[in-house]
**Student:** 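Take this structure first; my questions come after.
Here the structure is a predicted model, which is why all the values come from computation and not from measurement. Atoms within a ligand are numbered from 1 in the order they appear, just like the ligands themselves.
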Amino acid sequence: MGQAGRPQADLEDEAADGGGASALGGFGVNAGIVEEIRQRYALDPGSVDPSWAELFDASGGGCAARGTAAPPAGDLADPHVANQYARVLRMIHAYRARGHRSAATDPLGANPSDFPELDPAHYGFGHDDLTRTFLAGDLPGGPLQDLGQILRRLRATYCRSVGVEFTHIQDPGRKSWLQRRMEETENRSAFPAEERLRILEKLAAAELFERFLHTRFVGQKRFSLEGAESLIPLLDALVEESALRGAREVVLGMAHRGRLNVLSNILGKSLESIFCEFEDAPLSESPFGSGDVKYHKGYSTDRSTRGAGRIHLSLTANPSHLEAVDPVVLGRTRAKQTRLGDTLRQRVIPVLVHGDAAFAGQGMVAESLNLCHLAGYSTGGTVHVVVNNQIGFTTTPQEARSTLYCTDVAKMIQAPIFHVNGDDPEAVVHCVKLALAYRRRFSTDVVIDMVCYRRHGHNEGDEPSFTQPLLYEKIRHTRPVRELYTEELLRQGLLQPEDVRHIEEDLQAQLQSALQQIKTRVPEPDEPYDPRGPWSGYARTRQAEDEPATGVPIERLAQIAERLGVAPPGFEVHPKLQRLLDRRRKAVAEGGDLDWAMAEALAFGSLLVEGTPVRLSGQDSSRGTFNQRHAILVDQRTGEEYAPLDHLAETQARFEVYDSQLSEAAVLGFEYGYSVADPTTLTLWEAQFGDFANGAQVIIDQFIAAAHAKWQRMSGLVLLLPHGYEGQGPEHSSARVERFLQLCAEDNLQIANCSTPAQYFHLLRRQMRRRFRAPLVVFTPKSLLRDPRASSSAESLTEGRFREVLAGEGARDPGAVRRVLLCSGKVYYDLAARQQERRAAGADDVAIVRVEQLYPWPEQALAQALERHPRAERVFWVQEEPANMGAWTFVRERIQERLPPGTPLGYAGRSASASPAVGSGRCHRREQAALVDAAFAGLEPR
Ligand SMILES: Cc1ncc(C[n+]2csc(CCOP(=O)(O)OP(=O)(O)O)c2C)c(N)n1
Ligand SMILES: [Mg+2]
């Protein structure tokens with residue numbers, strides 16, 4: 001409000017003149033207060049609320065005189081008068097908070113018209129009061145207004161085609177910004193003729209597209225938009241308005257409903273290629289990978305706008321799994337903003353189109369909304385559009401949710417929610433402009449709930465009357481929004497009947513000609529297959545020459561280590577951490593042993609100084625779940641934070657580490673999206689414990705593993721999944737190695753389980769230093785983080801590369817080896833310890849081979865390792881996991897193939913089990929000892 005407060009307490013009695021609409025003198029305003037405001041106005045007109053100023057101006061400055069000359073009949077001290085004013089103000093508030101309950105938002109007409117709190121009678125007002133003047137608070141139109149005038153504005157603003165929920169917004173500035181904008185305009189826009197014709201054209205394009213497909217490709221699934229055609233003018237206005245306000249890119253995510261329509265009418269995907277997909281013509285086959293159905297594919301394009309040049313639009317490919325694409329769109333957006341240096345987050349705008357049932361039902365929605373204001377994940381606000389056709393497949397809203405609206409979940413982030421009637425396309429376009437203005441101003445999510453209907457069944461083969469006969473009887477008699485809007489424009493003389501015919505004929509001709517075209521000529525693919533933009537130069541298949549040396553000169557490592565160990569002057573590091581920093585600093589310079597966290601810091605640090613940005617996110621990742629990383633130091637006096645990795649050198653790349661919200665699906669989806677949009681950044685997601693990754697299974701199965709085969713989209717995302725059997729119980733032991741291995745084919749993933757810090761160092765660097773890109777899953781250690789046996793020398797980081805197989809350990813005479821133990825990860829150290837004992841006892845006949853990379857399967861390296869021991873009688877696979885888990889079922893055939901005929905492959909590990917690990921530490925130790933025994937069983941000294 002700013003200026004002299006609007007005078008809610010400045011109330012007095014009813015008008016002396018009997019309630020006429022006269023100004024101050026006529027109606028119960030405390031004369032003393034009016035005089036005081038008048039005097040302030042005389043001294044400084046800017047110091048009072050503009051509505052007072054209007055009033056004083058209108059009365060030629062004489063109102064105060066009238067106010068004083070004709071004192072009001074009542075006084076605020078009179079409880080009856082005060083009560084009456086309070087009731088008006090309560091009613092005004094009720095309209096702001098609950099006006100949406102009687103807004104005409106449902107094109108099928110099921111609007112509750114008599115919500116009690118919106119009835120003046122509820123506040124004791126009758127018909128006679130309509131012409132009486134009351135204090136109107138901060139409602140535009142002046143501080144004193146007729147009750148009728150007050151109600152008219154409130155109903156026009158809050159109860160027409162737009163119902164708004166905004167009073168849950170706690171920030172008074174945001175709330176009053178929106179309130180004022182809506183009330184001053186009565187929440188509508190006066191569109192010029194040109195814009196109204198454009199809306200009609202978009203509606204026509206939307207409807208005719210569907211009708212054409214309906215008649216030419218009978219019975220084929222397309223998930224028609226009919227009943228919700230206003231989505232097209234909505235998105236059209238969104239793109240135009242965004243461009244006008246300086247946006248360079250809009251990143252869209254949406255599900256099946258109307259997707260083809262959006263591809264054609266918003267992204268400009270050619271009709272020819274869409275029709276080819278319906279025909280299942282050769283073009284619709286994927287030249288690489290297995291491809292996807294037409295209504296899941298992504299697309300991107302540059303589109304010319306009317307007033308602001310070109311804007312890049314991309315629709316993110318998505319799986320059938322509703323809402324799974326949400327965080328992916330946000331991550332992509334964030335990466336694009338970062339690459340563009342768009343710190344205000346106004347140049348790349350994320351837009352998510354949802355279905356009503358999915359928005360209310362899927363947990364991913366809440367997880368993704370929760371990213372909205374988090375420093376590491378904010379995108380400056382997402383524009384959410386719910387295509388609320390009031391049904392989900394065959395499920396009614398009453399069955400689909402416990403909430404009043406399908407959008408209620410968005411209130412948790414205090415997003416304003418505009419419920420708008422999809423049959424009022426101007427109101428729809430008005431809402432999107434208002435929503436964008438709000439996002440621009442406050443950098444936060446906004447929600448448009450476009451209430452509409454679904455003209456046909458869920459898909460084109462469905463008969464909706466089986467389950468919703470009454471609803472569909474009504475829908476049968478509902479005329480398309482294009483018809484309704486056309487009539488309106490004809491009525492207003494903006495359009496002549498022949499104009500309508502021309503619009504339709506033109507569209508029809510375009511559709512017809514495109515269909516004709518594909519009969520004679522196969523169109524070019526819409527998107528070239530070769531990696532484009534930031535991905536040009538990267539390879540989706542492994543390159544024979546692509547095994548870069550990843551060592552880093554010792555001088556550089558020493559410089560990095562030095563910087564890692566120093567906090568700024570005066571920064572008070574926790575004393576225990578100070579010792580860690582000192583150790584880190586000395587480790588490289590003095591040739592000490594490096595642990596896992598140090599090797600990781602040096603991998604990150606060396607990439608950063610070479611110009612490769614690093615972004616790591618996960619629960620408690622900055623400190624590290626196991627208290628190992630300490631990527632951010634906290635001043636013990638001030639709480640200030642300092643990230644040594646971000647202060648290595650003047651010209652280094654950006655280092656970001658974020659403690660994520662406590663979710664897996666949305667955060668992993670976000671990081672996946674980030675990695676797709678930015679191949680130049682080492683993007684890592686870390687699970688708190690590896691098994692929690694199954695909370696993000698959809699992202700792993702549908703995106704990380706399959707995106708390349710389905711959509712030819714590459715990603716270099718790294719997943720860090722703590723894994724290892726340490727007696728911590730069923731839930732903290734297994735990252736489900738078996739599940740990741742089951743997903744592997746066509747070089748879609750890389751799966752590694754390193755046994756030394758140096759290997760981890762080289763692996764991380766390899767990920768960014770070669771052209772081949774595929775997501776990398778690393779099973780990371782827990783107890784090994786502090787196990788002195790699992791340390792590496794600084795020298796081991798200075799040369800060489802990641803080795804897929806480590807076969808160095810073994811008998812001094814390889815020819816004397818009677819048994820080869822193959823394993824992966826931490827169990828190696830248990831085997832090595834037993835091997836040491838046996839050696840001490842004079843038995844040196846076992847070789848241990850570590851498979852450090854499980855996929856792509858290191859065929860050659862393993863074959864070489866086995867060939868070194870031609871006299872081996874037995875080969876065992878040793879693992880900690882139960883036999884139905886871990887790598888056993890994956891490696892079994894692959895190793896067996898390599899063994900001489902008749903050499904059986906043995907298994908030493910836990911028995912098959914329903915649960916990954918036992919609860920008792922004692923049982924765990926017993927089992928662990930038993931599996932090591934089994935690995936060495938039968939090797940009595942000769
Ligand atoms: C996670 C998930 N569960 C189930 C389905 C199967 N399914 C496809 S569409 C649909 C109904 C979606 O309703 P709504 O979100 O309202 O979108 P509409 O089809 O009405 O546009 C269902 C259940 C799915 N695709 N994804
Ligand atoms: Mg629906």
Side-chain angles (χ1 to χ4, degrees), residues 105-108 110 206 210 221-232 234-235 252-263 292-297 315-328 352-368 384-403 405-410 419-422 447-464 466-468 471-472 475 664-666 669 694-703 706 710:
T105 52
D106 184 357
L108 299 177
E210 298 291 355
K221 270 193 205 174
R222 70 192 141 93
F223 299 105
S224 161
L225 184 63
E226 284 157 284
E229 291 93 332
S230 291
L231 179 67
I232 299 301
L234 184 160
L235 291 177
L252 287 136
M254 73 180 294
H256 52 289
R257 177 82 44 221
R259 191 176 172 103
L260 297 174
N261 210 316
V262 169
L263 279 167
D292 202 349
V293 294
K294 48 190 167 295
Y295 40 82
H296 288 161
K297 287 182 187 171
L315 177 61
T316 307
N318 68 193
S320 175
H321 294 58
L322 294 166
E323 306 293 347
V325 79
D326 299 0
V328 178
L352 291 174
V353 181
H354 313 266
D356 52 318
F359 197 67
Q362 290 289 303
M364 188 69 99
V365 172
E367 286 193 22
S368 303
H384 299 271
V385 179
V386 181
V387 175
N388 181 357
N389 55 16
Q390 312 185 65
I391 196 157
F393 208 150
T394 65
T395 302
T396 61
Q398 293 71 36
E399 295 160 324
R401 60 180 193 254
S402 293
T403 54
Y405 293 112
C406 62
T407 50
D408 283 357
V409 63
H419 306 282
V420 57
N421 190 324
V447 180
I448 299 167
D449 171 24
M450 192 182 82
V451 188
C452 49
Y453 56 92
R454 191 187 68 196
R455 181 161 295 285
H456 308 291
H458 174 61
N459 63 50
E460 288 55 43
D462 256 350
E463 173 50 64
F466 289 161
T467 48
Q468 273 82 23
L471 177 66
Y472 274 82
I475 290 174
E664 283 74 28
N694 63 9
Q697 203 63 50
V698 176
I699 301 295
I700 294 166
D701 293 345
Q702 264 60 37
F703 290 92
K710 294 192 291 189

**Student:** Any non-hydrogen side-chain atom of Tyr472 less than 4.5 Å from a side-chain atom of Arg454?
**Tutor:** yes

**Student:** Hey, does Ile699 have a side-chain heavy atom less than 4.5 Å from the side chain of Glu664?
**Tutor:** no

**Student:** Within the 4.0 Å heavy-atom shell around Gln362, which atoms of ligand 1 are there?
**Tutor:** 1 (C)

**Student:** Flag Phe359 as yes when one of its N or O atoms lies below 3.5 Å from any N or O atom of ligand 1, and as no otherwise.
**Tutor:** no

**Student:** So which protein heavy atom does atom 13 (O) of ligand 1 come closest to, and at what separation?
**Tutor:** Gly392 CA, 3.2 Å

**Student:** Report the distance from atom OG1 of Thr394 to atom CD of Glu399, rounding to the nearest 0.5 Å.
**Tutor:** 7.0 Å

**Student:** Assess the residue pair Arg257 and His458 against the criterion (side chain to side chain donor-acceptor pair (under 3.5 Å)); give the C-alpha distance rounded to whole Å, side-chain angles, the decisive distance to 0.1 Å, and a yes or no.
**Tutor:** CA-CA 9 Å; Arg257 177 82 44 221; His458 174 61; 3.3 Å; yes

**Student:** Assess, by modelled atom type and distance only, whether the side chains of Gln362 and Asp326 contain a donor and an acceptor separated by less than 3.5 Å.
**Tutor:** no

**Student:** If the cut-off is 4.0 Å to any non-hydrogen atom of Phe393, which atoms of ligand 1 fall inside it?
**Tutor:** 11 (C)

**Student:** Within the 4.0 Å heavy-atom shell around Arg257, which atoms of ligand 1 are there?
**Tutor:** 18 (P), 19 (O), 21 (O)

**Student:** Within a strict 4.5 Å, meaning less than it, do heavy atoms of the Thr403 and Val409 side chains meet?
**Tutor:** no

**Student:** For the atom pair OG1 (Thr105) and CG (Asn388), what is the distance rounded to the nearest 0.5 Å?
**Tutor:** 8.5 Å

**Student:** Between atom NE2 of His321 and atom CD of Gln702, what is the distance when rounded to the nearest 0.5 Å?
**Tutor:** 4.0 Å

**Student:** For Arg259 and Lys297, indicate whether the former's side chain and the latter's backbone hold a donor-acceptor pair under 3.5 Å.
**Tutor:** yes

**Student:** How about Arg222 and Tyr295: do any of their side-chain heavy atoms sit closer than 4.5 Å?
**Tutor:** no

**Student:** Can you list, by chain and residue number, the protein N, O or S atoms under 2.8 Å from the Mg ion (ligand 2)?
**Tutor:** Asp356 OD1, Asn389 OD1, Ile391 O

**Student:** Are any non-hydrogen side-chain atoms of Glu460 and Ser224 less than 4.5 angstrom apart?
**Tutor:** yes

**Student:** Backbone, side chain, both or neither: what part of Thr395 comes under 4.0 angstrom of ligand 1, heavy atoms only?
**Tutor:** neither

**Student:** Please state which protein non-hydrogen atom is closest to atom 15 (O) of ligand 1 and give its distance, to 0.1 Å?
**Tutor:** Ala358 N, 2.9 Å

**Student:** Can you list the atoms of ligand 1 that are under 4.0 Å from a heavy atom of Ala357?
**Tutor:** 13 (O), 14 (P), 15 (O), 16 (O)

**Student:** Once rounded to the nearest 0.5 Å, what's the spacing between atom CD of Glu210 and atom CG of Asn261?
**Tutor:** 4.5 Å

**Student:** Should you measure from each heavy atom of Ser320, which atoms of ligand 1 turn up under 4.0 Å away?
**Tutor:** 24 (C), 25 (N), 26 (N)

**Student:** What atoms in ligand 1 come closer than 4.0 Å to a heavy atom of Asn389?
**Tutor:** 18 (P), 20 (O), 21 (O)

**Student:** Considering only non-hydrogen protein atoms, determine which one is nearest to atom 4 (C) of ligand 1 and report residue, atom name and distance to 0.1 Å.
**Tutor:** Leu322 CD1, 4.8 Å

**Student:** Can His256 be said to touch ligand 1, with heavy atoms closer than 4.0 Å?
**Tutor:** yes

**Student:** For atom 17 (O) of ligand 1, what's the nearest protein heavy atom and its distance?
**Tutor:** Gly355 CA, 3.7 Å

**Student:** Verify the contact flag for atom 6 (C) of ligand 1, where contact means a protein heavy atom under 4.0 Å away.
**Tutor:** no

**Student:** Do protein heavy atoms approach atom 25 (N) of ligand 1 to less than 4.0 Å?
**Tutor:** yes

**Student:** Nearest 0.5 Å please: distance from the CG atom of Asp462 over to the CZ atom of Phe393.
**Tutor:** 5.0 Å

**Student:** Does Val387 reach ligand 1, in the sense of a heavy atom lying below 4.0 Å from it?
**Tutor:** no

**Student:** Report the distance from atom NZ of Lys710 to atom CZ of Phe703, rounding to the nearest 0.5 Å.
**Tutor:** 7.0 Å

**Student:** Distance to 0.1 Å, residue and atom name: give those for the protein heavy atom nearest to atom 16 (O) of ligand 1.
**Tutor:** Asp356 OD1, 2.6 Å

**Student:** Suppose we measure from atom 9 (S) of ligand 1 to each protein heavy atom; which comes out shortest, and what is that distance?
**Tutor:** His458 CE1, 3.1 Å

**Student:** Taking the side chain as everything from C-beta on, heavy atoms only, tell me whether Leu235 gets closer than 4.5 Å to Leu252.
**Tutor:** yes

